[in-house]
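Scroll down for the structure; my scribbles are underneath it.
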Amino acid sequence: MSASPDLRPATEVRPSSAVAIDISAVRRDFPILSRQVHGRPLVYLDNAASSQKPRAVIEAERSLYEEYYANVHRGVHTLSMASTDAYEAARSKAQRFLNAGSPREIIFTRGTTEAINLVAATFGRSRVRAGDEVLVSGLEHHSNIVPWQMVCEEKGARLRAAPINDDGEIVLDELAKRLTTRTRILALAHVSNALGTVNPVAQIIEMAHARGVPVLLDGAQAAPHVEVDVQALGCDFYAFSGHKIYGPSGIGVLYGKASLLEEMPPYQGGGDMILSVSFEKTTYNELPYKFEAGTPNIAGVVGLGAALDWVGGIGLDRIAAHEHGLLEQGTRRLQEVPGLKIIGTARDKVAVLSFVVEGVHPHDMGTVLDYEGVAVRTGHHCAQPVMERFGVPATTRASLAVYNTKEEIDVLVEGIQKAREMFA
Ligand code: PLP
């Protein structure tokens with residue numbers, strides 16, 4: 001038995017983008033991809049909801065629990081120090097992944113939802129006053145609407161949304177008009193979960209900052225597909241979830257500029273976030289611990305570190321190139337299906353194919369596809385305002401990841417044709 005966690009930083013080693021990914025080898029890394037569903041090989045196209053896990057992630061959690069698990073930041077004993085080292089090494093991996101200036105700016109949360117709630121409940125509640133405004137876009141996931149709505153309701157402020165056009169792109173002129181002297185924060189998806197639209201966030205941040213408005217980016221759908229450099233972007237906050245980037249569920253990251261995090265009140269009170277406690281007064285811990293109350297998701301953090309290493313070992317540029325090829329093929333093939341309409345046709349998209357088929361309810365589509373072994377998401381994708389904008393109650397969404405193949409797109413299209421024959 002060894003008490004030495006894996007502290008190697010793989011995200012720094014980048015293979016050349018000119019070299020194509022060996023997809024068969026990638027697929028062998030994911031044990032679940034060899035299983036069958038209803039007697040057919042699993043075709044997993046629900047990656048925007050949650051992606052599958054490579055052996056490196058599974059193994060990182062297993063070895064933590066079998067070899068060096070203990071609580072972090074508490075003990076002087078060997079296991080606690082080894083666990084703490086692994087936990088903090090994962091923070092450094094997340095820092096490098098986002099190119100944040102310091103590990104102090106990396107806070108572990110349960111996921112994107114908790115990260116946004118943290119900012120809304122601390123930064124939002126201390127800055128938003130009656131008559132102020134919080135700006136979002138018409139593309140947002142409910143997780144980047146409801147926390148702001150709650151703050152606005154409490155403070156007597158107004159939540160505004162920048163509209164999107166028929167392709168599912170934010171109308172920048174309209175967004176600019178809504179950036180007013182009353183706007184306290186702009187909270188925006190980097191990439192839309194329902195449509196795949198990649199927002200021009202660098203340009204938008206510049207617009208917002210020119211008016212003195214801080215920007216939170218919801219990176220839940222961007223982090224697995226797009227290289228993120230928070231310093232180059234200049235965003236004030238950035239949030240993403242482990243489970244969408246081949247890591248464990250129940251863990252995520254909030255990046256915040258140190259200057260803002262310093263001035264924000266704590267999110268939750270408890271262990272680890274304090275320097276000293278008496279009945280008269282508590283002094284809070286330094287960053288990032290001020291925002292990490294209680295025993296954290298230690299295995300989740302270590303697993304997330306392994307996932308970021310795994311992604312870094314392939315290279316997000318190569319992952320994006322592979323997925324883009326699948327998006328082009330998938331778009332072409334779906335456009336050939338009579339009665340099928342793709343919802344979300346932005347010029348800049350990640351590999352998300354949201355669609356409706358005349359005469360086939362998305363839930364029936366999902367069920368037929370499941371019998372073909374194809375896992376897709378059907379419904380409103382926690383983005384009801386997007387569905388409303390396009391006048392549909394739901395769509396079927398195929399969302400792709402690095403391990404998907406052209407052959408799997410063919411299986412998807414055959415399944416869609418089958419559903420049409422049955423229902424349309
Ligand atoms: N934001 C976007 C754009 C998402 O796609 C999701 C999840 O689907 C979330 C936020 C919420 O992420 P989580 O459930 O991991 O907190």
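No hydrogens, no waters, no symmetry mates; every other heavy atom, side chains included, goes into these values. Each ligand, and each atom within it, is numbered from 1 in the order the structure gives.
A donor-acceptor contact shorter than 3.5 Å links the side chain of H322 to the backbone of V402.
Against a heavy-atom cut-off of under 4.0 Å, S241 is close to the following atoms of ligand 1: 12 (O), 13 (P), 15 (O), 16 (O). For ligand 1, the atoms sitting less than 4.0 Å from at least one non-hydrogen atom of Q221 are 3 (C), 4 (C), 5 (O), 8 (O), numbered in the order shown with element in parentheses. Listed by number with element, the atoms of ligand 1 under 4.0 Å from a non-hydrogen atom of T113 are 11 (C), 12 (O), 13 (P), 14 (O), 16 (O). Of all atoms in ligand 1, listed by their number and element, those nearer than 4.0 Å to a heavy atom of S143 are 10 (C), 11 (C). Near H243, meaning under 4.0 Å from any of its heavy atoms, are these atoms of ligand 1: 13 (P), 15 (O).
Between E66 and R62, at least one side-chain nitrogen of the basic residue sits less than 4.0 Å from a carboxylate oxygen of the acidic one, meeting the salt-bridge criterion.
Residue D218 has at least one N or O atom closer than 3.5 Å to an N or O atom of ligand 1. Polar contact with ligand 1: absent for E114 (N/O pair, distance under 3.5 Å).
Among protein heavy atoms, the minimum distance from atom 4 (C) of ligand 1 is reached at H141 CD2, 3.3 Å. Nearest protein neighbour of atom 7 (C) of ligand 1, counting heavy atoms only, is K244 NZ, 2.7 Å.
Environment of CD in E59: crowded, with over 12 heavy atoms of neighbouring residues, nucleotides or ligands closer than 6.0 Å.
Contacts between A189 and ligand 1 below 4.0 angstrom, taking non-hydrogen atoms only, are absent altogether.
Note on ring orientation: taking the six-membered ring where Trp is involved, the planes of H142 and H380 are tilted (angle from 30° to 60°). Below 30°, between 30° and 60°, or above 60°: for F97 and F240 the angle between ring planes is between 30° and 60°, a tilted geometry.
Aromatic rings of F423 and H361 (six-membered ring for Trp) have centroids beyond the 6.0 Å cut-off, not under it. Not less than 6.0 angstrom separates the ring centroid of F30 from the ring centroid of Y44.
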